[in-house]
Novice: 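Please read through the structure below; I'll follow up with questions.
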Amino acid sequence: MIRRVLTGGEMSKLPKYGIEAQKIRALLVSYGLKYDFCCFYVGEFRAGCAFLGGLNGSFVLSENGKCDRGELAEFLTFSGFSEIFCSENAGEELAALLPCCTQRANVMRFEGNAVPYDIETEPPLDNVYTVLKTAFDIEYEPWYLDMSHRIRHGVSAFRALNDSVLAIQHNINGEALLSQVATTPEMRGKGNARRLISAVCSELSDSDVYVICEDALLEFYRRLGFRRTEVAYSLFRE
């Protein structure tokens, strides 16, 4: 049975490590359990547990043991998901059960030598958005509301260098995730994103640093010292 989480103790079996688990923890720390637009669910099965964190219909799935994917698919369909982020195995099985299209992503961990640089540690969010909108199709208001909320709760932070920006999406249990890496068109090809990523990896040297990227960016991150550790799936409702 899958039920809504009403107390923090119900998340006690959420795996301590892993991209999906940390994404759910980041949501939980940022929003807590009081909002209807950000909900958490736990499913208990004979051989394992499933945990779901959902923000405005976009879900993250983390599993601890073997779960009933059929029941998960029924629940997600009923919940009206717009997107599901999950492991490769879960993604392949759920894709066969849900009305969705799939996108594979590479989870990469930094294993190189980081070099510190003098970077901006608290760039204004409006300036960050100006850079991001040159590379991503994002709407200002929902992006600003979410990221400012995460920053206020100490979950996320932005760093900047010469019209390059990136987000430290979270740093939980010694696992940090970088995201929203972008450079304005006129400054691309000058090495600023590379220097910014290196500086942030140096800043986070006490943690394992990850990025999630499409195949087109595999070589870029490999040259920076990242190695692919796993494949994740995003499922988008058709």
Side-chain angles (χ1 to χ4, degrees), residues 1-109 155 169-177 179 207-214 227-238:
M1 181 182 71
I2 299 173
R3 66 180 187 277
R4 183 168 175 176
V5 170
L6 299 176
T7 65
E10 295 176 81
M11 303 292 284
S12 62
K13 293 183 180 179
L14 179 66
K16 184 175 181 179
Y17 302 109
I19 291 291
E20 297 87 9
Q22 310 306 27
K23 278 178 168 281
I24 292 174
R25 282 195 178 88
L27 274 177
L28 188 58
V29 174
S30 298
Y31 289 96
L33 300 172
K34 60 184 178 180
Y35 298 108
D36 286 335
F37 62 82
C38 184
C39 299
F40 302 86
Y41 303 90
V42 60
E44 295 179 322
F45 306 98
R46 280 188 178 180
C49 296
F51 299 89
L52 290 156
L55 178 63
N56 294 322
S58 181
F59 285 91
V60 180
L61 167 65
S62 176
E63 296 175 304
N64 189 356
K66 187 174 178 59
C67 301
D68 186 333
R69 303 274 169 72
E71 185 172 341
L72 284 169
E74 289 181 7
F75 173 81
L76 287 162
T77 299
F78 177 79
S79 297
F81 75 93
S82 58
E83 180 182 356
I84 307 163
F85 181 86
C86 57
S87 69
E88 182 177 20
N89 288 339
E92 289 179 347
E93 291 192 21
L94 288 173
L97 300 171
L98 293 169
C100 66
C101 56
T102 66
Q103 182 178 353
R104 287 164 47 96
N106 305 288
V107 179
M108 307 190 75
R109 183 176 62 211
V155 173
Q169 195 71 20
H170 58 252
N171 186 9
I172 300 173
N173 292 340
E175 294 181 339
L177 178 65
S179 67
S207 298
D208 289 330
V209 182
Y210 293 86
V211 295
I212 302 171
C213 72
E214 299 176 359
R227 182 180 67 85
R228 184 169 64 184
T229 59
E230 60 185 286
V231 172
Y233 264 62
S234 289
L235 311 180
F236 299 93
R237 191 181 187 95
E238 293 180 336

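This is a predicted model, so every value here is computed, not measured. Heavy-atom basis, side chains included; hydrogens, waters and symmetry copies ignored.
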Novice: Under 4.0 Å between a side-chain nitrogen and a carboxylate oxygen: does that hold for Arg69 and Glu63?
Specialist: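 A salt bridge links Arg69 with Glu63.
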
Novice: So which atom in Cys67 and which in Leu72 form the shortest heavy-atom distance, rounded to 0.1 Å?
Specialist: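 In terms of heavy atoms, the two residues are closest at CB-CD1, 4.2 Å.
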
Novice: So Val155 and Gln169, do their side chains get closer than 4.5 Å, heavy atoms only?
Specialist: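 No. Closest side-chain heavy atoms not under 4.5 Å.
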
Novice: List the steps and the verdict of side-chain contact (heavy atoms from CB on, under 4.5 Å) for Leu98 and Phe81.
Specialist: CA-CA 10 Å; Leu98 293 169; Phe81 75 93; 4.0 Å; yes

Novice: Under 4.0 Å between a side-chain nitrogen and a carboxylate oxygen: does that hold for Glu10 and Arg3?
Specialist: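 Salt bridge flag = yes for Arg3 with Glu10.
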
Novice: For Gly8 and Leu33, work out which heavy atoms get closest and say how close.
Specialist: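 Gly8 and Leu33 have their closest heavy atoms at N-CD1, 3.7 Å.
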
Novice: Distance from Ser82 atom OG to Asn56 atom CG, nearest 0.5 Å?
Specialist: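 CG of Asn56 is found 8.0 Å from OG of Ser82.
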
Novice: Check the angle between the aromatic planes of Tyr41 and Phe59 and answer parallel, tilted or perpendicular using the 30° and 60° thresholds.
Specialist: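 Geometry flag for Phe59 against Tyr41: tilted rings.
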
Novice: When you look at CZ of Phe37, are more than 12 heavy atoms from neighbouring residues, nucleotides or ligands closer to it than 6.0 Å?
Specialist: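 More than 12 within 6.0 Å, yes.
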
Novice: Using a 3.5 Å distance criterion without hydrogens, assess whether the side chain of Thr102 forms a donor-acceptor pair with backbone atoms of Leu235.
Specialist: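 No, the answer is negative, given that no donor and acceptor are paired below the 3.5 Å cut-off.
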
Novice: Is the shortest heavy-atom distance from the side chain of Thr229 to the side chain of Met108 under 4.5 Å?
Specialist: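 Answer no - side chains too far apart.
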
Novice: What's the shortest heavy-atom distance between Leu14 and Arg25, and which atoms?
Specialist: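 Closest pair (atom of Leu14, atom of Arg25, distance): O-NH2, 3.1 Å.
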
Novice: Go through it in stages, so that I can follow the logic: the residues are Lys23 and His170, the test is side-chain contact (heavy atoms from CB on, under 4.5 Å), and I'd like the CA-CA distance, side-chain angles, deciding distance and then a yes or no.
Specialist: CA-CA 8 Å; Lys23 278 178 168 281; His170 58 252; 4.1 Å; yes

Novice: Show the numbers, then the answer: is there a side chain to side chain donor-acceptor pair (under 3.5 Å) between Ser234 and Gln103?
Specialist: CA-CA 5 Å; Ser234 289; Gln103 182 178 353; 5.7 Å; no

Novice: Test your reading of the model: is there a side-chain donor-acceptor pair from Asn106 to the backbone of Cys213, 3.5 Å cut-off?
Specialist: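 Yes, the answer is positive, given that a donor and an acceptor are paired below the 3.5 Å cut-off.
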
